[in-house]
2 protein chains.
Amino acid sequence: MSANSRLTIAAHALAWIGLYQRQGHEVATSEQIAGSVNTNPVVIRRLLGDLRRAGLVESRRGAGAGWSLARELGSMTLLDVYEAVEPGPLFAMHRARPDQECVVGSGIQPALRGIYEGIEETLRRELARVTLEKVLDDVLAAPR
Amino acid sequence: MSANSRLTIAAHALAWIGLYQRQGHEVATSEQIAGSVNTNPVVIRRLLGDLRRAGLVESRRGAGAGWSLARELGSMTLLDVYEAVEPGPLFAMHRARPDQECVVGSGIQPALRGIYEGIEETLRRELARVTLEKVLDDVLAAPR
DNA sequence: GATGGTCGCAACCATATTTGTTACAACGAG
DNA sequence: CTCGTTGTAACAAATATGGTTGCGACCATC
(Lines give C-alpha, C1' and ligand atoms only; values in the text may rest on other atoms or scores of the structure.)
Protein backbone atom coordinates (compact mmCIF):
# COMPACT_ATOMS: atom_id res chain seq x y z
CA MET A 1 0.00 0.00 0.00
CA SER A 2 1.12 3.51 -0.57
CA ALA A 3 1.68 3.50 3.17
CA ASN A 4 2.97 6.80 4.48
CA SER A 5 4.99 7.46 7.60
CA ARG A 6 2.95 10.26 9.14
CA LEU A 7 1.62 8.24 12.06
CA THR A 8 5.15 7.02 12.74
CA ILE A 9 6.72 10.48 12.63
CA ALA A 10 3.95 12.02 14.72
CA ALA A 11 4.31 9.32 17.38
CA HIS A 12 8.08 9.84 17.32
CA ALA A 13 7.68 13.58 17.84
CA LEU A 14 5.19 13.19 20.67
CA ALA A 15 7.36 10.64 22.44
CA TRP A 16 10.34 12.95 22.06
CA ILE A 17 8.51 15.97 23.49
CA GLY A 18 7.12 13.83 26.30
CA LEU A 19 10.54 12.55 27.30
CA TYR A 20 12.07 16.01 27.00
CA GLN A 21 9.42 17.44 29.31
CA ARG A 22 9.98 14.60 31.80
CA GLN A 23 13.57 15.80 31.91
CA GLY A 24 12.36 19.19 33.09
CA HIS A 25 12.35 21.19 29.85
CA GLU A 26 9.47 23.48 29.01
CA VAL A 27 9.33 23.38 25.24
CA ALA A 28 10.96 21.49 22.39
CA THR A 29 11.87 23.08 19.07
CA SER A 30 11.07 21.63 15.68
CA GLU A 31 14.79 21.60 14.98
CA GLN A 32 15.55 19.36 17.94
CA ILE A 33 12.80 16.95 17.01
CA ALA A 34 13.87 16.98 13.37
CA GLY A 35 17.35 16.01 14.55
CA SER A 36 16.04 12.89 16.25
CA VAL A 37 13.71 12.00 13.37
CA ASN A 38 16.39 12.85 10.81
CA THR A 39 14.34 15.10 8.60
CA ASN A 40 13.71 18.77 7.91
CA PRO A 41 12.23 20.97 10.67
CA VAL A 42 9.46 22.14 8.35
CA VAL A 43 8.24 18.57 8.01
CA ILE A 44 7.96 18.42 11.79
CA ARG A 45 6.20 21.78 12.02
CA ARG A 46 3.67 20.67 9.42
CA LEU A 47 2.86 17.51 11.35
CA LEU A 48 2.81 19.20 14.73
CA GLY A 49 0.50 21.81 13.21
CA ASP A 50 -2.00 19.02 12.54
CA LEU A 51 -1.58 17.79 16.10
CA ARG A 52 -2.14 21.30 17.41
CA ARG A 53 -5.38 21.63 15.48
CA ALA A 54 -6.42 18.36 17.11
CA GLY A 55 -5.61 19.74 20.54
CA LEU A 56 -2.72 17.39 21.29
CA VAL A 57 0.11 19.91 21.45
CA GLU A 58 0.58 23.64 21.89
CA SER A 59 3.10 25.97 20.35
CA ARG A 60 4.62 29.21 21.51
CA ARG A 61 6.13 31.71 19.14
CA GLY A 62 8.82 34.28 19.64
CA ALA A 63 12.19 33.77 21.21
CA GLY A 64 12.58 30.70 23.41
CA ALA A 65 9.55 29.31 21.64
CA GLY A 66 8.68 25.73 20.75
CA TRP A 67 6.24 22.92 21.32
CA SER A 68 4.74 21.34 24.39
CA LEU A 69 2.15 18.70 25.12
CA ALA A 70 -1.40 19.95 25.58
CA ARG A 71 -2.36 16.77 27.47
CA GLU A 72 -0.60 13.96 29.26
CA LEU A 73 0.79 11.23 27.02
CA GLY A 74 -1.35 8.78 29.01
CA SER A 75 -4.53 10.46 27.80
CA MET A 76 -3.54 10.43 24.15
CA THR A 77 -4.03 7.39 21.91
CA LEU A 78 -2.75 6.41 18.50
CA LEU A 79 -6.32 6.94 17.29
CA ASP A 80 -6.14 10.62 18.27
CA VAL A 81 -2.90 10.92 16.34
CA TYR A 82 -4.17 8.91 13.38
CA GLU A 83 -7.27 11.05 13.03
CA ALA A 84 -5.17 14.19 13.30
CA VAL A 85 -2.72 13.29 10.56
CA GLU A 86 -4.57 10.91 8.20
CA PRO A 87 -7.40 12.54 6.30
CA GLY A 88 -8.73 9.88 3.97
CA PRO A 89 -10.27 6.44 4.35
CA LEU A 90 -8.18 3.28 4.57
CA PHE A 91 -9.36 1.75 1.28
CA ALA A 92 -10.09 3.88 -1.75
CA MET A 93 -13.03 3.41 -4.07
CA HIS A 94 -12.74 3.36 -7.88
CA ARG A 95 -10.98 6.31 -9.42
CA ALA A 96 -13.51 6.47 -12.25
CA ARG A 97 -17.21 5.81 -11.75
CA PRO A 98 -18.06 2.16 -12.50
CA ASP A 99 -20.59 1.36 -15.23
CA GLN A 100 -23.96 2.12 -13.66
CA GLU A 101 -25.75 0.05 -16.30
CA CYS A 102 -24.07 -3.05 -14.89
CA VAL A 103 -25.50 -4.71 -11.79
CA VAL A 104 -22.08 -5.15 -10.25
CA GLY A 105 -20.92 -1.73 -11.34
CA SER A 106 -23.85 -0.02 -9.70
CA GLY A 107 -23.90 -2.10 -6.53
CA ILE A 108 -20.24 -2.50 -5.72
CA GLN A 109 -19.63 0.85 -4.08
CA PRO A 110 -22.58 0.72 -1.66
CA ALA A 111 -21.63 -2.85 -0.80
CA LEU A 112 -17.98 -2.10 -0.15
CA ARG A 113 -18.77 1.10 1.68
CA GLY A 114 -20.67 -0.83 4.32
CA ILE A 115 -18.01 -3.49 4.60
CA TYR A 116 -15.09 -1.07 4.73
CA GLU A 117 -16.88 0.96 7.39
CA GLY A 118 -16.99 -1.97 9.76
CA ILE A 119 -13.36 -2.81 9.17
CA GLU A 120 -12.18 0.74 9.75
CA GLU A 121 -14.18 0.89 12.94
CA THR A 122 -12.30 -2.14 14.20
CA LEU A 123 -9.02 -0.52 13.24
CA ARG A 124 -9.99 2.60 15.17
CA ARG A 125 -10.84 0.60 18.26
CA GLU A 126 -7.46 -1.06 18.08
CA LEU A 127 -5.61 2.24 17.65
CA ALA A 128 -7.55 3.65 20.59
CA ARG A 129 -6.17 0.92 22.84
CA VAL A 130 -2.60 2.21 22.56
CA THR A 131 -1.67 5.34 24.49
CA LEU A 132 1.34 7.46 23.63
CA GLU A 133 2.60 6.75 27.14
CA LYS A 134 2.70 3.08 26.20
CA VAL A 135 4.62 4.01 23.07
CA LEU A 136 7.19 5.95 25.09
CA ASP A 137 7.48 3.10 27.59
CA ASP A 138 8.14 0.66 24.76
CA VAL A 139 10.70 3.05 23.30
CA LEU A 140 12.57 3.23 26.58
CA ALA A 141 12.36 -0.53 27.01
CA ALA A 142 13.97 -1.22 23.63
CA PRO A 143 17.51 -2.63 23.84
CA ARG A 144 20.19 -0.31 22.54
CA MET B 1 -3.37 7.92 3.40
CA SER B 2 -2.09 7.12 0.02
CA ALA B 3 -5.00 4.72 -0.10
CA ASN B 4 -5.13 2.86 -3.38
CA SER B 5 -8.07 1.14 -4.98
CA ARG B 6 -6.59 -2.27 -5.69
CA LEU B 7 -8.63 -4.15 -3.12
CA THR B 8 -11.76 -2.45 -4.43
CA ILE B 9 -11.04 -3.24 -8.07
CA ALA B 10 -10.04 -6.82 -7.31
CA ALA B 11 -13.24 -7.41 -5.33
CA HIS B 12 -15.23 -5.84 -8.17
CA ALA B 13 -13.61 -8.14 -10.72
CA LEU B 14 -14.15 -11.26 -8.64
CA ALA B 15 -17.79 -10.40 -8.00
CA TRP B 16 -18.27 -9.79 -11.71
CA ILE B 17 -16.73 -13.11 -12.71
CA GLY B 18 -18.71 -14.90 -10.03
CA LEU B 19 -22.00 -13.47 -11.20
CA TYR B 20 -21.15 -14.12 -14.84
CA GLN B 21 -20.41 -17.74 -14.07
CA ARG B 22 -23.67 -18.06 -12.12
CA GLN B 23 -25.34 -17.02 -15.34
CA GLY B 24 -23.83 -20.03 -17.06
CA HIS B 25 -20.81 -18.53 -18.77
CA GLU B 26 -17.48 -20.29 -18.70
CA VAL B 27 -14.97 -17.48 -18.79
CA ALA B 28 -14.95 -13.70 -18.58
CA THR B 29 -12.59 -11.50 -20.57
CA SER B 30 -10.55 -8.65 -19.18
CA GLU B 31 -12.33 -6.38 -21.60
CA GLN B 32 -15.77 -7.22 -20.21
CA ILE B 33 -14.61 -6.68 -16.66
CA ALA B 34 -12.84 -3.46 -17.61
CA GLY B 35 -16.15 -2.27 -19.04
CA SER B 36 -17.90 -2.71 -15.72
CA VAL B 37 -15.02 -1.23 -13.72
CA ASN B 38 -14.58 1.55 -16.26
CA THR B 39 -10.87 1.23 -16.79
CA ASN B 40 -8.36 -0.24 -19.20
CA PRO B 41 -8.26 -4.04 -19.73
CA VAL B 42 -4.53 -4.13 -18.98
CA VAL B 43 -5.22 -2.82 -15.49
CA ILE B 44 -7.60 -5.72 -14.96
CA ARG B 45 -5.17 -8.26 -16.38
CA ARG B 46 -2.46 -7.00 -14.06
CA LEU B 47 -4.66 -7.35 -11.01
CA LEU B 48 -6.07 -10.71 -12.05
CA GLY B 49 -2.51 -11.85 -12.62
CA ASP B 50 -1.84 -11.21 -8.92
CA LEU B 51 -4.98 -13.13 -8.03
CA ARG B 52 -3.91 -16.01 -10.27
CA ARG B 53 -0.55 -16.22 -8.54
CA ALA B 54 -2.47 -16.41 -5.27
CA GLY B 55 -4.60 -19.26 -6.63
CA LEU B 56 -7.88 -17.38 -6.66
CA VAL B 57 -8.54 -17.33 -10.41
CA GLU B 58 -7.39 -19.17 -13.52
CA SER B 59 -6.82 -17.91 -17.02
CA ARG B 60 -7.01 -19.53 -20.43
CA ARG B 61 -5.21 -18.19 -23.43
CA GLY B 62 -5.94 -18.49 -27.11
CA ALA B 63 -9.24 -17.82 -28.82
CA GLY B 64 -12.32 -17.89 -26.61
CA ALA B 65 -10.03 -17.39 -23.68
CA GLY B 66 -10.57 -15.50 -20.45
CA TRP B 67 -10.75 -15.75 -16.69
CA SER B 68 -12.59 -18.04 -14.32
CA LEU B 69 -12.70 -18.58 -10.57
CA ALA B 70 -10.31 -21.17 -9.18
CA ARG B 71 -12.43 -21.55 -6.04
CA GLU B 72 -15.95 -20.80 -4.91
CA LEU B 73 -16.57 -17.19 -3.90
CA GLY B 74 -17.71 -18.55 -0.53
CA SER B 75 -14.25 -19.91 0.18
CA MET B 76 -12.45 -16.67 -0.66
CA THR B 77 -12.10 -13.82 1.81
CA LEU B 78 -11.08 -10.20 1.52
CA LEU B 79 -7.90 -11.20 3.35
CA ASP B 80 -6.96 -13.56 0.51
CA VAL B 81 -7.49 -10.74 -1.94
CA TYR B 82 -5.72 -8.17 0.23
CA GLU B 83 -2.65 -10.35 0.59
CA ALA B 84 -2.64 -11.02 -3.14
CA VAL B 85 -2.73 -7.39 -4.20
CA GLU B 86 -1.18 -5.39 -1.33
CA PRO B 87 2.50 -6.03 -0.82
CA GLY B 88 3.61 -3.66 1.95
CA PRO B 89 2.69 -3.05 5.56
CA LEU B 90 -0.18 -0.79 6.60
CA PHE B 91 1.97 1.86 8.32
CA ALA B 92 5.38 2.82 7.02
CA MET B 93 8.41 3.46 9.17
CA HIS B 94 10.68 6.50 8.78
CA ARG B 95 11.98 7.14 5.31
CA ALA B 96 15.43 8.03 6.66
CA ARG B 97 17.04 6.25 9.61
CA PRO B 98 16.32 8.11 12.86
CA ASP B 99 19.24 9.39 14.96
CA GLN B 100 20.60 6.29 16.69
CA GLU B 101 22.40 8.46 19.25
CA CYS B 102 19.03 9.58 20.58
CA VAL B 103 17.12 7.33 22.98
CA VAL B 104 13.86 7.95 21.18
CA GLY B 105 15.47 7.73 17.75
CA SER B 106 16.95 4.34 18.49
CA GLY B 107 13.95 2.87 20.30
CA ILE B 108 11.05 4.13 18.23
CA GLN B 109 11.18 1.60 15.42
CA PRO B 110 11.32 -1.52 17.61
CA ALA B 111 8.51 -0.07 19.73
CA LEU B 112 6.25 0.75 16.81
CA ARG B 113 7.04 -2.47 15.02
CA GLY B 114 5.55 -4.46 17.88
CA ILE B 115 2.53 -2.21 18.17
CA TYR B 116 1.83 -2.10 14.43
CA GLU B 117 2.11 -5.86 14.22
CA GLY B 118 -0.75 -6.37 16.65
CA ILE B 119 -2.91 -3.83 14.87
CA GLU B 120 -2.33 -5.36 11.45
CA GLU B 121 -3.15 -8.76 12.82
CA THR B 122 -6.51 -7.44 13.97
CA LEU B 123 -7.10 -5.94 10.54
CA ARG B 124 -6.32 -9.28 8.91
CA ARG B 125 -8.76 -11.10 11.17
CA GLU B 126 -11.43 -8.63 10.22
CA LEU B 127 -10.73 -8.96 6.49
CA ALA B 128 -10.84 -12.73 6.86
CA ARG B 129 -14.41 -12.52 8.16
CA VAL B 130 -15.76 -11.23 4.86
CA THR B 131 -16.14 -13.71 2.00
CA LEU B 132 -16.41 -12.64 -1.61
CA GLU B 133 -19.79 -14.37 -1.67
CA LYS B 134 -20.93 -11.90 0.98
CA VAL B 135 -19.59 -9.08 -1.17
CA LEU B 136 -21.57 -10.29 -4.16
CA ASP B 137 -24.70 -10.73 -2.04
CA ASP B 138 -24.35 -7.16 -0.81
CA VAL B 139 -23.83 -5.96 -4.36
CA LEU B 140 -27.03 -7.64 -5.51
CA ALA B 141 -28.91 -6.32 -2.47
CA ALA B 142 -27.98 -2.70 -3.21
CA PRO B 143 -30.90 -0.57 -4.43
CA ARG B 144 -30.56 0.57 -8.03
C1' DG C 1 12.25 49.62 20.32
C1' DA C 2 15.90 46.70 18.37
C1' DT C 3 17.62 41.96 18.16
C1' DG C 4 17.47 37.23 17.48
C1' DG C 5 15.38 32.81 17.64
C1' DT C 6 11.34 30.37 16.48
C1' DC C 7 6.85 29.33 14.46
C1' DG C 8 3.43 29.64 10.31
C1' DC C 9 2.84 29.12 5.88
C1' DA C 10 3.25 29.25 0.97
C1' DA C 11 5.69 27.81 -2.94
C1' DC C 12 8.37 24.82 -5.17
C1' DC C 13 11.09 20.59 -6.29
C1' DA C 14 12.25 15.65 -6.14
C1' DT C 15 10.83 11.20 -5.69
C1' DA C 16 7.75 7.37 -5.39
C1' DT C 17 3.51 5.24 -6.26
C1' DT C 18 -0.50 4.36 -8.76
C1' DT C 19 -3.16 4.14 -12.72
C1' DG C 20 -3.81 4.44 -17.68
C1' DT C 21 -2.09 3.50 -22.44
C1' DT C 22 0.30 1.47 -26.32
C1' DA C 23 2.56 -2.18 -28.42
C1' DC C 24 3.47 -6.67 -29.41
C1' DA C 25 4.75 -11.55 -28.68
C1' DA C 26 2.66 -16.03 -27.17
C1' DC C 27 -0.99 -18.94 -27.19
C1' DG C 28 -4.58 -21.99 -28.69
C1' DA C 29 -9.54 -23.02 -30.39
C1' DG C 30 -11.53 -23.43 -34.48
C1' DC D 1 -3.78 -20.25 -40.72
C1' DT D 2 -6.59 -16.94 -38.45
C1' DC D 3 -8.43 -14.47 -34.87
C1' DG D 4 -9.34 -13.23 -30.22
C1' DT D 5 -7.31 -13.22 -25.98
C1' DT D 6 -3.71 -13.34 -22.34
C1' DG D 7 1.10 -11.91 -20.65
C1' DT D 8 4.20 -8.49 -20.19
C1' DA D 9 7.19 -4.65 -21.03
C1' DA D 10 7.61 0.10 -21.67
C1' DC D 11 6.12 4.41 -21.13
C1' DA D 12 2.97 8.39 -19.92
C1' DA D 13 -0.01 10.79 -16.72
C1' DA D 14 -1.81 11.76 -12.41
C1' DT D 15 -1.39 11.87 -7.57
C1' DA D 16 0.83 11.61 -3.07
C1' DT D 17 4.58 12.24 -0.15
C1' DG D 18 8.44 14.25 1.72
C1' DG D 19 12.25 17.68 1.49
C1' DT D 20 13.77 22.51 0.76
C1' DT D 21 13.79 27.51 0.54
C1' DG D 22 12.11 31.86 1.68
C1' DC D 23 10.06 35.07 4.42
C1' DG D 24 6.63 37.33 7.37
C1' DA D 25 4.76 37.11 12.21
C1' DC D 26 5.64 36.74 16.77
C1' DC D 27 7.69 37.66 21.26
C1' DA D 28 11.28 37.17 25.16
C1' DT D 29 15.09 39.51 26.15
C1' DC D 30 18.16 43.16 26.10
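Per chain, numbering begins at 1; letters A, B, ... match sequence-line order.
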*Asks:* State which residue, out of B:Trp67, B:Tyr20, B:Trp16, fulfils the ring-ring contact (aromatic ring centres under 6.0 Å, His included) condition with B:His25.
*Replies:*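 It is B:Tyr20, the one option of B:Trp67, B:Tyr20, B:Trp16 that forms the ring-ring contact (aromatic ring centres under 6.0 Å, His included) with B:His25.
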*Asks:* Please state whether the phosphate of C:dT19, meaning OP1 or OP2, lies under 4.0 angstrom from any side-chain nitrogen or oxygen of B:Ser5.
*Replies:*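 For C:dT19, OP1/OP2 do have a side-chain N/O of B:Ser5 under 4.0 Å.
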*Asks:* Can you say whether a donor on the side chain of B:Arg61 sits under 3.5 Å from an acceptor on the base of C:dC27, or the other way round?
*Replies:*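 Check fails, no donor-acceptor contact within cut-off.
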*Asks:* Closer than 4.0 Å, any side-chain N/O of A:Arg60 to the OP1 or OP2 of C:dG5?
*Replies:*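 Negative; the distance criterion is not met.
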*Asks:* Whole angstroms only, please: what is the CG-C1' distance between B:Leu47 and D:dT6?
*Replies:*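 Atom CG in B:Leu47 sits about 15 Å away from atom C1' in D:dT6.
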*Asks:* Reckon A:Gly64 touches a base, only the sugar-phosphate, or nothing at all at heavy-atom distances under 4.0 Å?
*Replies:*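 Result for A:Gly64 = nothing.
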*Asks:* What's the CZ-P distance between A:Arg6 and D:dG19, to the nearest Å?
*Replies:*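 Value for this atom pair: 11 Å.
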*Asks:* Nearest-nucleotide wise, let me know which of B:Ser59 and A:Arg95 is further upstream toward the 5' end of DNA chain D.
*Replies:*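 Looking at the nearest nucleotide for each, B:Ser59 comes out on the 5' side.
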*Asks:* If you pin A:Val42 and B:Ile9 to their nearest nucleotides in DNA chain C, which one's is more 5'?
*Replies:*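 Going by which nucleotide is closer to the 5' end, it is A:Val42.
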*Asks:* What pair of heavy atoms forms the shortest contact from B:Leu47 to B:Arg6, and how long is it?
*Replies:*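 The answer is CD2-CD, 3.9 Å.
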*Asks:* Tell me: CD1 of B:Ile44 to P of C:dT18, nearest whole Å?
*Replies:*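 Between P of C:dT18 and CD1 of B:Ile44: 17 Å.
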*Asks:* Measure CD/B:Glu31 against P/C:dT21 and give the value in whole Å, please.
*Replies:*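 It is 13 Å, rounded to the nearest whole Å.
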*Asks:* Take atom CG of B:Asn40 and atom C1' of D:dA14, then tell me their distance rounded to the nearest Å.
*Replies:*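 The distance from CG of B:Asn40 to C1' of D:dA14 comes to 15 Å, rounded to the nearest Å.
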*Asks:* Measure the distance from CZ on A:Arg46 to C1' on C:dC9 and round it to the nearest whole Å.
*Replies:*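 So the two atoms are 10 Å apart, to the nearest Å.
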*Asks:* Which of the following nucleotides, D:dT17, C:dG20, C:dC7, is nearest to the side chain of B:Val43?
*Replies:*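 Minimum distance to the B:Val43 side chain belongs to C:dG20.
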*Asks:* Under 4.0 Å between a side-chain nitrogen and a carboxylate oxygen: does that hold for A:Asp138 and A:Lys134?
*Replies:*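 The answer is yes: the pair qualifies as a salt bridge.
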*Asks:* Which nucleotide in the list D:dT6, D:dG18, C:dC7 gets nearest to the side chain of B:Trp67?
*Replies:*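 Of the options given, the side chain of B:Trp67 lies nearest D:dT6.
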*Asks:* Quickly work out the A:Arg45 CZ to C:dT6 P distance and round it to whole Å.
*Replies:*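 Taking CZ of A:Arg45 and P of C:dT6, I get 10 Å after rounding.
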*Asks:* So, does B:Thr122 use its side chain to make a donor-acceptor pair with the main chain of B:Gly118 at under 3.5 Å?
*Replies:*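 Side chain of B:Thr122 to backbone of B:Gly118: a pair is present.
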*Asks:* So, is A:Thr29 near the phosphate of C:dT6, with a side-chain N or O under 4.0 Å from OP1 or OP2?
*Replies:*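 For C:dT6, OP1/OP2 do not have a side-chain N/O of A:Thr29 under 4.0 Å.
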*Asks:* Rounding to an integer number of Å, can you tell me how far A:Asp50 CG sits from C:dC9 C1'?
*Replies:*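 Those two atoms, CG and C1', are 13 Å apart.
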*Asks:* When you match B:Gly49 and B:Ala96 each to their closest nucleotide on DNA chain D, which lands nearer the 5' end?
*Replies:*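 It is B:Gly49 whose nearest nucleotide is closer to the 5' end.
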*Asks:* At their closest point, which heavy atom of A:Gln100 faces which heavy atom of A:Gly105, and how far apart are they?
*Replies:*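 Closest approach of A:Gln100 to A:Gly105, heavy atoms only: NE2-O, 3.7 Å.
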